[in-house]
Every structure is written in structure tokens, then in C-alpha cells.
Amino acid sequence: IGGSLGGLMHGIVLKRLGHTVRILERSPSPLLHNQGAGVVAGNDTQDFFQHHDLTHRPLAVTSHLRHYLDVKGNEIHREEYAQQMTSWDLLYYVLRANFDRVESGYCTLPPVQDGEGKATYQYGHTVTALRDLGPDAGVELSFRDRDGESGKRTADLVIAADGGSSTVRKLLQPDVERKYVGYVAWRGTVPERSLSAAATAALAEKFTFFHASGVQVLAYLIPVPDGALEPGKRLMNWVWYVNYAPGSAAYRELMTD
């Protein structure tokens, strides 16, 4: 349940083991919209793609160090620590190529493997109920599709990968509530070619941080929307974490459409 990165990763592993896998994604569009978000690809993520991505395309820009700047842009601390930076959309399209062979400009389709199971990705399907049918009988899922029609399916195994607003969590643990933790993340990207020479020197291929009271800003390079990694063609991804007091005028304005 859930067809973003987590659901696709689980689905690929099960497919390669020969299982029949069906992903139910509530989004009404066949492809999830480009999230435009940078992703720090940690060791677990790198290991997954090395073992399970059969497109074998490069995925990340290397940030060769972490460093911290003051308000004037002076470096006040650095750590020689390389990290791999990628983007949500590149990972998504590579995973879709591996799972249900979706074609895109991000990668070529991988070869079909002997013994693979069948993979199906159904968008516009919102799960509305789950029922344990007992030992060896599986789980019954009730859902509503994008046309408003109701349906049911039975599965041997159900994996909940439907994100922060998880329907499955609400069904199984209705007392668990999401709570505002006191800060908001503003994020965006800038074409690398649009950076000034000074900004390029300070930020390119580095994981950059700025800290102040109630504020954290970070920046790093990521691939562009078609997955290109060449210098000059990439995007500078930035995130600004800032505290907003619950109930304050700024908080109410921000949270009101």
C-alpha cells in the first residue's frame, strides 16, 4: 500500500524473488508528481540500488565535505566526510523502471530476469479497510478507485508504505496522531549555472550548513530533472528550517490556504 520510494523498494525485492506484487497508490495520476526534493543517499540506499537496480545508471552527486558557514558566509568548521546526493524524482523513475518497466528519460529499461514475479502498479486506489482472514488465509483489503467504485482484494502479505499521512496507521492505530513539532521546512532549487562564482566556490560539491537561533539552512547539489549529473547542469537544492510558534499569527497565516 503506497507507491512512492518505500513501496517500490519493497515491491522490487519481492518481484525479484518471484512473487506476484500489486502496489495500490492513492494518487489519481499514473505517475507521482516530481517532488523536486534532494535526497541524501546513505549507505543503506546505496546498497539497495547496487544490489537491486538493474539499470546501473549513476544516481548521485558527491559532496566531498560537510562545512558550516557563519552569517557572513565565512567557513567556521569543516569535516572531511563524503556523502552522495541525489533527487527524489531520479530515484522514483529508476525504481519504476525496475518494478513495472515504466519508460522515462531518466534511464533505460533493465533486462527482464528469469524467475521474476508479476508486478502491477494501480494508481487512484485508496485503501479503506483491512481485515485479517486468519492463519494461512491472508488479508482482505477494501479500496475505492479513482472512479469512486469500491472493490476488495486478498493478499498473503500487506506492506504499509503509505507515508506520513498513512491510511493503514489510522486503521490499525487510530489513537496515534500526527503533531506539529515546532518548525517548518521551506525548500527549493536553483540551476547550478545561475549561481554566482562566489556561491559556486562556497557551495558546489559540498554539504553546507548554517545554524542560528531557531533556524537551520542546508544546501547541496543534486541531479537535474532528467537525471543529468554533469557539472554546470545540476541543481542546487536548499532547505530552510525555521521555527513557527504554534498558534502564532505567522503560523496561522502559513497553515491557511
Side-chain angles (χ1 to χ4, degrees), residues 1-55 59-60 84 86-102 104 106-107 110 113 116-133 138-146 150-179 181 185 187:
I1 300 173
S4 190
L5 305 188
L8 288 166
M9 286 176 163
H10 284 84
I12 289 167
V13 173
L14 291 169
K15 171 190 171 182
R16 296 270 162 73
L17 291 173
H19 297 288
T20 297
V21 186
R22 184 182 303 272
I23 287 179
L24 301 183
E25 166 55 48
R26 63 188 167 199
S27 172
S29 59
L31 296 170
L32 295 185
H33 295 297
N34 185 343
Q35 303 295 304
V39 176
V40 180
N43 291 336
D44 289 343
T45 301
Q46 295 176 54
D47 288 345
F48 177 90
F49 281 90
Q50 287 169 6
H51 285 92
H52 301 291
D53 170 29
L54 300 184
T55 72
L59 292 172
Q84 302 302 309
T86 187
S87 61
W88 182 94
D89 56 294
L90 176 53
L91 297 183
Y92 174 77
Y93 282 100
V94 169
L95 291 171
R96 288 297 300 266
N98 281 276
F99 180 70
D100 59 333
R101 303 187 64 77
V102 167
S104 72
Y106 289 81
C107 60
Q113 302 296 293
E116 283 190 349
K118 181 181 178 182
T120 305
Y121 189 104
Q122 291 188 288
Y123 64 94
H125 281 60
T126 300
V127 173
T128 56
L130 295 171
R131 186 164 69 95
D132 186 351
L133 300 178
V139 179
E140 181 184 80
L141 297 86
S142 300
F143 61 85
R144 183 179 63 257
D145 68 19
R146 59 187 179 278
S150 297
K152 293 183 179 182
R153 287 195 175 275
T154 300
D156 296 317
L157 173 68
V158 174
I159 296 174
D162 50 343
S165 299
S166 171
T167 297
V168 178
R169 184 187 301 112
K170 292 176 183 176
L171 293 172
L172 299 182
Q173 297 181 302
D175 294 334
V176 175
E177 297 181 7
R178 296 180 69 187
K179 294 183 179 180
V181 295
R187 67 188 314 149

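Everything numeric in this text was worked out from a predicted model, so none of it was measured.
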Those residues that, when tested against S87, pass side chain to side chain donor-acceptor pair (under 3.5 Å) (two or more places apart):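 In terms of side chain to side chain donor-acceptor pair (under 3.5 Å), with neighbours along the sequence ignored, S87 is linked to D89.
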
Please name all residues satisfying side chain to side chain donor-acceptor pair (under 3.5 Å) with Y121, sequence neighbours left out, ordered by chain then number.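 For Y121, no residue satisfies side chain to side chain donor-acceptor pair (under 3.5 Å) once neighbours in sequence are set aside.
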
Going through the distances and angles, do V21 and K118 end up as a side-chain contact (heavy atoms from CB on, under 4.5 Å)? CA-CA 6 Å; V21 186; K118 181 181 178 182; over 6 Å; no

Please assess S142 against V127 for the test side-chain contact (heavy atoms from CB on, under 4.5 Å), listing each intermediate value before the final yes or no. CA-CA 6 Å; S142 300; V127 173; over 6 Å; no

Return the [atom1] to [atom2] distance between [X] and [Y], rounded to the nearest 0.5 Å.
X: L5; Y: H10; atom1: CG; atom2: NE2; value: 12.0 Å
X: L95; Y: I12; atom1: CG; atom2: CD1; value: 4.5 Å
X: Q113; Y: K15; atom1: CD; atom2: NZ; value: 9.0 Å

Only counting residues at least two apart or in another chain, list the ones meeting ring-ring contact (aromatic ring centres under 6.0 Å, His included) with F99.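 Once residues adjacent in sequence are excluded, F99 has no partner under the ring-ring contact (aromatic ring centres under 6.0 Å, His included) criterion.
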
Can you list the residues that meet the side chain to side chain contact (heavy atoms under 4.5 Å, CB included) rule with [X], with sequence neighbours excluded?
X: A185; result: V239, Y241
X: V40; result: Q83, M85, F207, Y220
X: P110; result: L54, T55, A97, N98, R101
X: L31; result: Y92, Y93, R96, V102

If you take all heavy atoms of [X] and [Y], which pair is closest and at what distance?
X: W88; Y: H33; value: CZ3-O, 3.6 Å
X: R146; Y: P28; value: CD-O, 4.3 Å
X: L141; Y: A155; value: CD1-CB, 4.1 Å
X: A41; Y: Q46; value: O-NE2, 2.9 Å

Can you check whether [X] reaches [Y] side chain to side chain, under 4.5 Å on heavy atoms?
X: L133; Y: T154; result: yes
X: L91; Y: L8; result: no
X: I23; Y: I1; result: no

List for me each residue that meets salt bridge (charged side-chain N to carboxylate O under 4.0 Å, His left out) alongside R16, sequence neighbours excluded, and say none if there are none.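 R16 satisfies salt bridge (charged side-chain N to carboxylate O under 4.0 Å, His left out) with E116 only.
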
By salt bridge (charged side-chain N to carboxylate O under 4.0 Å, His left out), which residues pair with R131, not counting sequence neighbours?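 Expected list: E140.
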
Output every pair passing salt bridge (Lys or Arg N to Asp or Glu O under 4.0 Å) with a member in residues 161-171, not counting sequence neighbours, ordered by first then second residue.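 Sorted pair list comes back empty.
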
Any salt bridge (Lys or Arg N to Asp or Glu O under 4.0 Å) involving residues 42-53? Give me the pairs, sequence neighbours left out, ordered by first then second residue.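 As it turns out, there is no salt bridge (Lys or Arg N to Asp or Glu O under 4.0 Å) pair with a partner in residues 42-53 once direct neighbours are skipped.
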
Please check: side-chain N/O of T20 versus main-chain N/O of G117, any donor-acceptor pairing under 3.5 Å?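 Answer holds: no.
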
Which pairs, with at least one residue in residues 21-30 and sequence neighbours excluded, count as a side-chain hydrogen bond (donor to acceptor under 3.5 Å, both in side chains)?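 Those involving residues 21-30 are R22-Q122, R26-T167, S27-S29.
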
Under 6.0 Å from the ring centre and within 45 degrees of the ring axis: does the NZ or CZ of R153 meet both conditions for the six-membered ring of F143?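 No.
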
List the steps and the verdict of side-chain contact (heavy atoms from CB on, under 4.5 Å) for L90 and L59. CA-CA 7 Å; L90 176 53; L59 292 172; 4.0 Å; yes

Can you tell me if CD on E177 sees more than 12 non-hydrogen neighbours from other groups inside 6.0 Å?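 Open: at most 12 neighbouring heavy atoms sit under 6.0 Å from CD of E177.
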
Evaluate whether atom NE2 of H19 has more than 12 neighbouring non-hydrogen atoms of other residues, nucleotides or ligands under 6.0 angstrom away.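 Enclosed: over 12 neighbouring heavy atoms sit under 6.0 Å from NE2 of H19.
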
